[in-house]
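Since the structure comes first, as structure tokens, the remarks are kept for the end.
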There are 2 protein chains.
Amino acid sequence: METPTASPAAGIEAADDAPWLTAEEQRLWRAHLDVCKLLEYQLGRELQPHGLAMNDYEILVVLSEEPHRRMRMTDLAAATLQSKSRLSHQITRMEKAGLVVREGCPGDRRGLYAVLTDDGWQTLRKVAPDHVRSVRHHFIDRFDSDQIAALYEALGPVAAHLRALRGRG
Amino acid sequence: METPTASPAAGIEAADDAPWLTAEEQRLWRAHLDVCKLLEYQLGRELQPHGLAMNDYEILVVLSEEPHRRMRMTDLAAATLQSKSRLSHQITRMEKAGLVVREGCPGDRRGLYAVLTDDGWQTLRKVAPDHVRSVRHHFIDRFDSDQIAALYEALGPVAAHLRALRGRG
DNA sequence: CCGATAATGTTGAAGTTTGTACAAAGAGTG
DNA sequence: CACTCTTTGTACAAACTTCAACATTATCGG
């Protein structure tokens, strides 16, 4: 039922500079992997009745928080940690669904904005409360406030480290 | 640079039973999402030179830990949290790559074992130290031992909760 | 101003994942 | 035993992601 991934597996030798994970380390690592996969699965599942996938939802949120509910494709790709190519396809699909539109960019004739449509906004408005309920029920509300602080203190720097790596590569 | 997903976004009302995330809750939630995405990206990237994807690696590990380096398809799908369909495709690819083979199941003529080949075992042997180094460098070694304990105490139950949900649906 | 270089996005093909339907074999029941 | 119900794994088609190539426009140096 667990999800191994960096295991000793009797018969294989670790590198000198990177010993196998201890039992405690390993169970944490596996818990993290499981939570990642399962949470995405579950949240996606609960979003499905609304006809949205996690990717769609994330984009709606990001756009909704921007000044004019719009963002340059490249920035949106960066904000959502996707490749430009993937985002382009994604936006094409969402455009077909009427959630966003592409609009040319005044100052830069190469650029495009992805813009939230009214329909997109209404959809978000309708879906957000349910999604927040999911996030609370399956994640946030399972921690007390000390844990919330401790988790952020631990995970925040990891996220920052990885974000920095991604930039260059 | 962050990855919103359950945000208030001025102008949308929360449900009565599920208020918006507080600032602390939200930054944790976003950190978690970012770590999930970025870590998978980075680990996958560092696995690439070995010609493996995370999925491949995970399957090698799971099989390597089994008594005869084999597991029934259904069990393997459950262990790796994939659909049976997806696993079937995955094993087909890995079989082509020579990492595993399918073997019939003596007691149950419907069943098949996915079996680690010698090549698969050697590959794991070669790749594992590097992967563990990655996991340490980008995740485990960024916490002190108190944090490791605290994180597991927090995440373990969440994983258990989500696993239980998955079973039924 | 021109030419080289870089940035913005898209495209199309190939590869992966998902969802549903299906064939084959076991299990339980009268 | 026959009948139904369940379990196992695959196969196909549709949806999604990745990768590399490309067209277009901006930017920088002489």
Side-chain angles (χ1 to χ4, degrees), chain A residues 36-38 40-49 51-59 70-97 99-115 166-169, chain B residues 36-37 40-45 47-49 51-59 70-97 99-115 166-169:
Chain A
C36 289
K37 274 198 200 179
L38 290 167
E40 166 144 26
Y41 174 80
Q42 188 64 30
L43 293 180
R45 191 183 173 73
E46 292 174 15
L47 223 38
Q48 216 158 1
L52 294 181
M54 288 280 278
N55 280 339
D56 302 319
Y57 184 82
E58 184 179 10
I59 286 174
R70 72 186 51 215
M71 195 183 255
R72 287 289 292 269
M73 292 297 280
T74 296
D75 298 334
L76 187 51
T80 56
L81 303 172
Q82 305 179 43
S83 69
K84 286 190 291 184
S85 171
R86 178 176 171 180
L87 179 68
S88 185
H89 288 296
Q90 172 84 33
I91 292 294
T92 298
R93 289 189 296 268
M94 292 180 74
E95 205 168 11
K96 272 179 194 151
L99 298 169
V100 300
V101 288
R102 278 181 243 244
E103 279 185 20
C105 180
D108 184 343
R109 268 187 298 185
R110 296 167 301 180
L112 289 176
Y113 281 109
V115 186
R166 181 174 179 72
R168 325 159 213 130
Chain B
C36 288
K37 274 198 200 178
E40 167 145 24
Y41 174 80
Q42 188 64 31
L43 293 180
R45 194 183 170 72
L47 223 37
Q48 216 158 1
L52 293 182
M54 287 280 276
N55 280 337
D56 302 320
Y57 184 81
E58 184 180 9
I59 286 173
R70 70 187 51 215
M71 195 184 255
R72 286 288 293 266
M73 292 296 280
T74 296
D75 298 334
L76 186 51
T80 56
L81 303 172
Q82 305 180 39
S83 69
K84 285 189 294 183
S85 173
R86 176 175 170 182
L87 179 68
S88 187
H89 288 296
Q90 172 83 34
I91 292 296
T92 298
R93 289 189 295 268
M94 292 180 74
E95 205 168 9
K96 272 178 196 153
L99 299 169
V100 301
V101 288
R102 278 182 244 245
E103 279 185 20
C105 180
D108 183 343
R109 268 184 297 182
R110 297 167 299 181
L112 289 176
Y113 281 109
V115 185
R166 181 174 178 74
R168 325 159 211 128

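Proteins come first, then strands; the chains are lettered A, B, ... in the order of their sequence lines, and each starts at number 1.
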Other residues, nucleotides and ligands only: do more than 12 of their heavy atoms fall within 6.0 Å of CD on E40(B)?
no
Using the test side chain to side chain contact (heavy atoms under 4.5 Å, CB included), find all partners of S85(A) that sit at least two apart in sequence or belong to another chain.
S83(A), H89(A)
Option passing side chain to side chain contact (heavy atoms under 4.5 Å, CB included) with Q90(B) (candidates T80(B), L76(B), V100(B), D56(B))
D56(B)
Of all heavy-atom pairs between A77(B) and L87(B), which one has the smallest distance, and what is that distance?
N-CD2, 3.4 Å
By salt bridge (charged side-chain N to carboxylate O under 4.0 Å, His left out), which residues pair with R110(B), not counting sequence neighbours?
D108(B)
By salt bridge (charged side-chain N to carboxylate O under 4.0 Å, His left out), which residues pair with R102(A), not counting sequence neighbours?
E95(A)
Nearest 0.5 Å please: distance from the CD atom of Q82(B) over to the CD1 atom of I59(B).
5.0 Å
Using a 4.0 Å cut-off on protein heavy atoms (strictly under), produce a 5'-to-3' string for nucleotides 5-18 of chain C with B for base contact, S for backbone-only sugar-phosphate contact, and - for none.
--BBBSBB---SBB
Polar atom pairs (N or O), protein with nucleotides 1-3 of chain D, under 3.5 Å:
none

Quick one: which residue pairs count as a salt bridge (Lys or Arg N to Asp or Glu O under 4.0 Å) with a foot in residues 77-91 of chain B, not counting sequence neighbours?
none
What's the CE-P distance between M94(A) and dA15(D), to the nearest Å?
17 Å
